Structure formats: C-alpha cells, structure tokens
Amino acid sequence: MLPDITGYFVILERIFAIVGTGLYLIFAIVIVKQVSMMTKNVYDKFNWIVIVFSYIHLALSVFLLLMSIV
Amino acid sequence: MVRASNLDLVAPDEIIEIKKDPPSLRNSGEVRQKVYDLLGHTSNPLSSFLIKPHVFKFKEQDDKEEIILVMRPHWFTNVSWVISAIGMLMVPMLAQFLPVWGEVPLKYQAWGILFWYMITLAFCLEQFLSWYFDVYIITDERVIDIEFNNLLDKKFAETKISMIQDVSSRVAGISQTMFNYGDVRIQTAAEIPELCFEKVPNPDKVIKVLQMMREEEELEAIEGRVR
C-alpha cells in the first residue's frame, strides 16, 4: 500500500504560499517607498491618488500574507 | 590734406552706445506671450501636455523659475498595457472553465484569485507610475528630463536653454502619425550632449517653443537680465 502523501503536498503548498506572499509584501513596501520618493521629486495635482493606491496595494498584500498563514 | 575741424567726431573719448533693436521682437516679454499664444491652454490636469501648470512643481526647481510646459509620453502609449491589464483581469473568469478548477478547495481558489488580482494591480501601478512620473519640463531657464525606469532607477538630466544647439523631431509609424506624437531630440553644448523627449505630443509645437525660448534668452542677454 502506498503512503498518503497528500499531507506533505499541503504543507509544501503552504510554505510556497507564505514565502511567495512574503516576497510580495516586500515588493509592496518598495512600491510605497518609491511612490513617496517620486511624489517628493515631482509634485502634481493627482499625487495623492497614487499614494492612496500604493497603500491599498500594501494593505492587500498584508491581507494576502495573513490568508496564507491562517 | 584736409583736416577734421572737430576731432571728437573722428575719435571720441567716450564710448558711444549703439542701441540696435532686434528686427522682429522688441522685448523678451513679447516672446513669452507669443509662446503662450502658440501653446494655448490645457484644461485637463491629467493631460500629457500641460501648459503653464499652476500646481506642478519639481524638487530641483528654483524659486523664481517659471514652468512653461510639462510633457509626458502621449496617452496612446498607455493603450498596450491597459489592454494587457484587461486580459489579465479576465484570467480568473476563464480559469473557472478548467476541469481541474472545481477540485481545488474553495480557500485556495480565493487565495489564487486574490493573488492574481494583486499581480494585476502591481502591474498596472508600475506601468502608470512609469508614465506619470516620466516628465519632460521646459522652464524659462532650463530643459529638464526626469525619468523613473522600473521603479528603482531615477534619472535627472537638464540643460540650460542657452546651451541648446539643435533641435530635431521624429514622428514614425501609424499611431504616431495619427495621434501626432513623436520624439524630440535636443543637441546641447553642455556636458550631456543630447536630451530626448520620447513620444511627446505635438513635437512641432515643442520645437517652435524651444526656438522661441532660445530667442527670449538671447533678448534677455541683450537686455542684461540674464540670471
């Protein structure tokens, strides 16, 4: 009889998801930092929208990481 | 030999100032007015061709420096990535038609969809930022090129208007001809030999403005108002 390896696959999937979303979170932080740097360099009327979007992106990536852990 | 009765007329002691008006324009203010007449007025603040914007500023701007024109690549350059983004948004809907999709647990389905939409959002954000912060500025003193390549690379290049030597433009291809946008190349006598405004709207107007601004600089030099 073959051993049940489904459990190992689930663990592997979870590790992959956590590492992937962790890296994604770092990317989201870089975007926020970069947007803040860009908006300091070039000031225009719609800068606040770009800043808001970068923070929404960061919040969603945190949510995704939590979703992978739980 | 006949001698001059008044030697001051032949070789005066004081230097005589010869005031010569330029043939076409009287002062630099008129040139500026002509520039604004040529450019007209921008009503859309998200335009790729902002004329004398009230809100726009940049970090390296001097206190008295006046922004004449701010350009971004033409809006049509965004069409390709917008179409790609729409395609990416449809992927989760298409995934539901896959036979394997039904066997994936609901939690993983939700995670996968969210992850995919996040990648789409990041893609859109990066493309928009690359367009929005890629600006070319003409002020009353300088020509500036600010570029942010792939979010982690900032490029700032400037040259004084008085250092401009040649300006040329290139409109190539169907879309550029239809929507009137193209590259404007500025050859300079400065350390940076060339500045290139890529895919900017109305390249012919940009060339004309640069020509007029050079004329204004020359007039300012004659008037003794060089900063």
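Reminder, nothing fancy here: chain letters follow the sequence lines and each chain counts from 1. Remember, predicted model here, so these are calculated numbers, not experimental data.
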> Between Y24(A) and M118(B), is there a donor-acceptor pair closer than 3.5 Å when you use the side chain of the first and the backbone of the second?
yes
> A side-chain contact here means heavy atoms from C-beta on lying under 4.5 Å apart; do L50(B) and D44(A) qualify?
yes
> In terms of heavy-atom proximity below 4.5 Å to chain A, should E60(B) be classed as side chain, backbone, both, or neither?
side chain
> Output the distance between atom CG (N41(A)) and atom CZ (F156(B)), rounded to the nearest 0.5 Å.
9.0 Å
> With a 4.5 Å cut-off on side-chain heavy atoms, are L60(A) and Y117(B) touching?
no
> Atom CZ of F46(A) and atom OH of Y132(B): how far apart are they, to the nearest 0.5 Å?
7.0 Å
> Side chain, backbone, both or neither: which part of A17(A) has a non-hydrogen atom closer than 4.5 Å to chain B?
both
> Are the side chains of K59(B) and Y43(A) in touch, meaning some heavy atoms are under 4.5 Å apart?
no
> Are any non-hydrogen side-chain atoms of L114(B) and F63(A) less than 4.5 angstrom apart?
yes
> Quick one: pull up CG in D134(B) and CE in M38(A) and give me the separation to the nearest 0.5 Å.
9.5 Å
> Are side-chain heavy atoms of N47(A) and F133(B) found at a separation under 4.5 Å?
yes
> Surrounding CZ of F128(B) (heavy atoms of other residues, nucleotides or ligands, distance under 6.0 Å), is the total greater than 12?
yes
> Which atoms of I137(B) are under 4.5 Å from chain A, going by heavy atoms: the side chain, the backbone, both sets, or neither?
neither
> With a 6.0 Å cut-off (strictly less than), is the heavy-atom count around CD1 of I174(B), excluding the residue itself, greater than 12?
no
> Taking OH in Y55(A) as the centre, count heavy atoms belonging to other residues, nucleotides or ligands within less than 6.0 Å. Is the count above 12?
no
> Could you tell me the separation between the CE atom of M67(A) and the CZ atom of F115(B), rounded to the nearest 0.5 Å?
12.0 Å
> Side chains of F148(B) and Q34(A): does their closest heavy-atom pair fall under 4.5 Å?
yes
